[in-house]
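Both counts, for ligands and for their atoms, begin at 1 and track the order of listing. Here the structure is a predicted model, which means the values were calculated and not measured.
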Amino acid sequence: MRTTSEPTSIVTLQQHIIEQQREHPTATGEFSWLLSGITLATEIIQAQVRRAGLLSAAVLGETGTRNVQGEMVQKLDVIANKTICSCLGYRNVGIMVSEEDDEPTIVKEGTRTRKYIVLFDPLDGSSNIDVNVSIGTIFSILQRRDDVKDDDVMAHILQPGCQQLAAGYVVYGSSTVLAYTTGEGVHMFTLDPSIGAYVLSRENVRMPHTGKEYSVNEAYRDTFPDAIQRYLQWVKTAEAGKYSMRYIGSFVADFHRTLLRGGVFLYPPTKSAPGGKLRLMYEANPMAFLAEQAGGAATDGKQRILDKAPKALHERTPLVIGSKAEVDRVLSFWQG
Ligand code: P6P
């Protein structure tokens, strides 16, 4: 494992994955093959995202259908979902869970379900597609449990976030950046279109311990829990010092900024979403894994996100995620 944060030579994501794999003698290469399937899918998706403005009717706009979340499905959502499923189909993935699909997709090899489980939000923040705001893909990787029957699919899937083997996201912004962790730190890669490869841009990313940016949709302030309303009053006081509010409305972009600059992102319970809006399995869990690997924290207000025992595939959770000191400060209002 390199110790510098700025790489001294060109390292592609594939090289990095193989190097990480070398440090695990028991690794068989299956996992690296799986990760490379995800990165291939995101390269295809980013090409579609970049062309969205040109192709308008073909990929922009809504399909007229609603997903399991009841949200209007954007055409690019459908393309991204199909792209990930087809790229993973040949990569030893046994179960795929997508935000866009009501039910999991099971891929059997003979009678047994294959080892790996991939959960993903194919295109988070898709409502921003038509106005050219950054959007992203989020993924989480689990493996089949060995203490339950092979066909007990939900038991294999509904594992707490601390069981993740890997997690990551891609933000399709001014550049396309992929961040991932396998539990050995957080590493970032920037897509170099001239060579069609992700190139290492930051290794062992550390989230600043504090940060003077809070990220929340204050339009819902009056329906937040009292403790959050008290926190939002406090950040505006002289005692708090100079906080800024930044909110893009695209979780991947808001999290990416928080990971790099520090601060805190909040999506508390609201009257319309008493359980929070963000999904546990393929939004909160992967980002919580990354946050903790970078020295940050993630909670639902009562417990660590990665300790939550999931009860349903698409369950939602309140979320406070970011710099450790900032998350602790929000908690001090919630638990005060
Ligand atoms: P609101 C996008 O639809 C999303 O799921 C996240 O990417 C984002 O953080 C959140 O919803 C924004 O929700 O209620 O503030 O518009």
List every atom of ligand 1 that sits less than 4.0 Å from any heavy atom of Asn217, numbering the atoms from 1 in the order shown and giving each element.
-> 1 (P), 15 (O)

Per-atom filter on ligand 1: closer than 4.0 angstrom to a heavy atom of Tyr267 are 1 (P), 13 (O), 14 (O), 15 (O)

Which atoms of ligand 1 sit under 4.0 Å from any heavy atom of Asp124?
-> 5 (O), 6 (C), 7 (O)

Against heavy atoms of Tyr247, which atoms of ligand 1 measure under 4.0 Å?
-> 1 (P), 12 (C), 13 (O), 15 (O)

Are any of the heavy atoms in Asp254 under 4.0 Å away from ligand 1?
-> no

Just wondering, more than 12 heavy atoms not from Lys212 lying within 6.0 Å of its NZ?
-> yes

What atoms in ligand 1 come closer than 4.0 Å to a heavy atom of Tyr220?
-> 1 (P), 14 (O)

Atom indices of ligand 1 within 4.0 angstrom of Phe251 heavy atoms, with elements = 6 (C), 7 (O), 8 (C), 9 (O)

Residue list, salt bridge (charged side-chain N to carboxylate O under 4.0 Å, His left out) with Asp300, at least two apart or on another chain | Lys308

For Lys324, which residues count as a side chain to side chain contact (heavy atoms under 4.5 Å, CB included) partner, sequence neighbours excluded?
-> His209, Ala297, Asp328

Closest to atom 16 (O) of ligand 1 among Glu218, Arg316, Lys277 (heavy-atom distance) = Lys277

Do any N/O atoms on Ser250 end up under 3.5 angstrom from N/O atoms on ligand 1?
-> no

Sub-3.5 Å donor-acceptor pair from the side chain of Asp192 to the main-chain atoms of Ser194, do we have one?
-> yes

Any donor-acceptor pair under 3.5 Å linking the side chain of Gln293 with the backbone of Thr181?
-> no

Any nitrogen or oxygen of Ser127, main chain or side chain, under 3.5 Å from a nitrogen or oxygen of ligand 1?
-> no

Quick note on ligand 1: atoms under 4.0 Å from a heavy atom of Gly125 include exactly 2 (C), 7 (O)

Of all heavy-atom pairs linking Asn204 and Glu184, the shortest is OD1-O, 4.0 Å

Evaluate whether atom CH2 of Trp234 has more than 12 neighbouring non-hydrogen atoms of other residues, nucleotides or ligands under 6.0 angstrom away.
-> yes

Could you say whether the N/O atoms of Leu278 and ligand 1 ever approach to under 3.5 Å?
-> no

Going through the distances and angles, do Asp226 and Trp334 end up as a side chain to side chain contact (heavy atoms under 4.5 Å, CB included)?
-> CA-CA 8 Å; Asp226 291 346; Trp334 221 329; over 6 Å; no

